[in-house]
Chemist: 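Pasting a structure below so you can have a look.
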Protein chains: 2
Amino acid sequence: MQCVDSSQLLKGVLDVAVLAVLHERDSYGYDVVRRLREAGLEDVGDASVYGTLRRLFRAGSLTSYVVASDEGPHRKYYGLNSVGRAQLAASATTWTAFAATMNDLLKEVHA
Amino acid sequence: MQCVDSSQLLKGVLDVAVLAVLHERDSYGYDVVRRLREAGLEDVGDASVYGTLRRLFRAGSLTSYVVASDEGPHRKYYGLNSVGRAQLAASATTWTAFAATMNDLLKEVHA
DNA sequence: GCCGCTAGTGCGCATTGCACAGTACCGTGC
DNA sequence: GCACGGTACTGTGCAATGCGCACTAGCGGC
């Protein structure tokens, strides 16, 4: 019944978004969520991000190391490896092409 | 295991794409598939489009009428009603904002 | 001690795109 | 007449993925 809500838009794009954030610098789940929200993806669920990180790690696109913190529980940092960087590049290209196609389709709507 | 494939990108966007195509003019399933493919969405599955049309119709965003054809089976035409037009407008806006956010995120990747 | 923030895990659900099979109409070629 | 390919739609079941929710746990402030 709902119009396109971002939760559906995120499908298949959250991977790229997460990879993009990690491309900037290594990070841990809680922080990735914060950065994505700051970037404008305000309603990403935390569970989605944690899930995505685990999935990408399992797929071999990310490295992982645990760092203790003074201000709370340990942090599980993730970082891109070569596979992840390649995946990010490929996905970014795919996304750009796809977005262009969609903009084309919607162009006439605004007319 | 796969990089962002269009099937996941389509999630939540096929609705808008279909609405956009119908905005141009009334159409039937088989034709919508053809037009989407011509527009650049080359690997949309036909079942997805038929499913989307049925879903949108059930949701009250589309009108439907059957037209006989000389060159094959009857055609079930769909068209936008006011609900559908509103949904298209809203979804298009959401998409545009979302795409802008994503482009922003990916901007640094290309650097 | 309790609360709230930080940080992570696991479970189960809903949505949705798709493959696949099946039905059926039509014209062409044999 | 019949097989075949293109047109056109339906239904079933699957897989991917984002999310809500519950839970664990460390930390500091009241």
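Below, each value reflects all heavy atoms present in this structure, side chains not excepted, and no hydrogens, waters or symmetry copies.
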Chemist: Taking the nucleotide of DNA chain D with the closest heavy atom to each, which residue, A:Arg55 or B:Arg34, is nearer the 5' end?
Modeler: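 Here B:Arg34 is the residue nearer the 5' end.
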
Chemist: In this structure, how many angstroms lie between the P atom of D:dG6 and the CG atom of B:Asp46, rounded?
Modeler: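 Rounded to whole Å, this separation is 15 Å.
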
Chemist: What's the OH-C1' distance between B:Tyr28 and D:dA8, to the nearest Å?
Modeler: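 Distance, rounded to whole Å: 8 Å.
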
Chemist: How many whole angstroms separate atom NE2 of B:His74 from atom P of C:dA24?
Modeler: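 Taking atom P of C:dA24 as the reference, NE2 of B:His74 is at 11 Å.
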
Chemist: Whole-Å distance between C:dT6 C1' and A:Arg35 CZ?
Modeler: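 These atoms are roughly 17 Å apart.
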
Chemist: Using only side-chain N and O atoms of B:Tyr50, determine if any of them is under 4.0 Å from OP1 or OP2 of D:dT10.
Modeler: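 So the side-chain polar atoms of B:Tyr50 never come under 4.0 Å of the phosphate oxygens OP1 or OP2 of D:dT10.
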
Chemist: Once you round it to whole Å, what is the distance between P of D:dT10 and OH of B:Tyr30?
Modeler: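 Value for this atom pair: 15 Å.
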
Chemist: Going from NZ on A:Lys11 to OG on A:Ser48, what distance comes out if it is rounded to the nearest 0.5 angstrom?
Modeler: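 Answer rounded to 0.5 Å: 8.5 Å.
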
Chemist: For B:Leu10 and D:dA15, give me the distance from atom CG to atom C1', rounded to whole Å.
Modeler: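 Whole-Å distance recorded here is 15 Å.
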
Chemist: Output the rounded distance in Å from NZ (B:Lys76) to C1' (D:dT10).
Modeler: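 Taking NZ of B:Lys76 and C1' of D:dT10, I get 8 Å after rounding.
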
Chemist: Taking all heavy atoms of A:Ala20 and all of A:Leu88, pick out the closest pair and write down the distance.
Modeler: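 Looking at all heavy atoms of both residues, the shortest contact is N-CD1, 3.9 Å.
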
Chemist: Sort out for me which residue in B:Thr63, B:Leu62, B:Asp31 forms a side-chain contact (heavy atoms from CB on, under 4.5 Å) with B:Tyr78.
Modeler: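 Of B:Thr63, B:Leu62, B:Asp31, side-chain contact (heavy atoms from CB on, under 4.5 Å) with B:Tyr78 is met by B:Leu62 alone.
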
Chemist: Need to verify one output field. Residue with the more 5' nearest nucleotide on DNA chain C, B:Thr52 or A:Tyr77?
Modeler: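 Going by which nucleotide is closer to the 5' end, it is A:Tyr77.
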
Chemist: Assuming nearest nucleotide by heavy-atom distance, tell me which of A:Ser69 and A:Ala47 is located more 5' along DNA chain C.
Modeler: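 It is A:Ser69 whose nearest nucleotide is closer to the 5' end.
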
Chemist: Any idea how A:Phe98 and B:Trp95 line up, ring-wise: parallel (<30°), tilted (30 to 60°), or perpendicular (>60°)?
Modeler: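 Taking B:Trp95 first and then A:Phe98, their aromatic rings stand perpendicular (interplane angle over 60°).
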
Chemist: The side chain of B:Asp15 is closest to which nucleotide in this list: C:dG17, C:dA14, C:dC25?
Modeler: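 The nucleotide sitting nearest to the side chain is C:dG17.
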
Chemist: Over all strands shown, is B:Asp70 touching base, sugar-phosphate only, or nothing at heavy-atom distances under 4.0 angstrom?
Modeler: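 Since only primed, P, OP1 and OP2 atoms lie under 4.0 Å of B:Asp70, the category is sugar-phosphate.
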
Chemist: Any side-chain N or O of A:Arg54 below 4.0 angstrom from OP1/OP2 of C:dT9?
Modeler: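 Yes, such a contact exists.
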
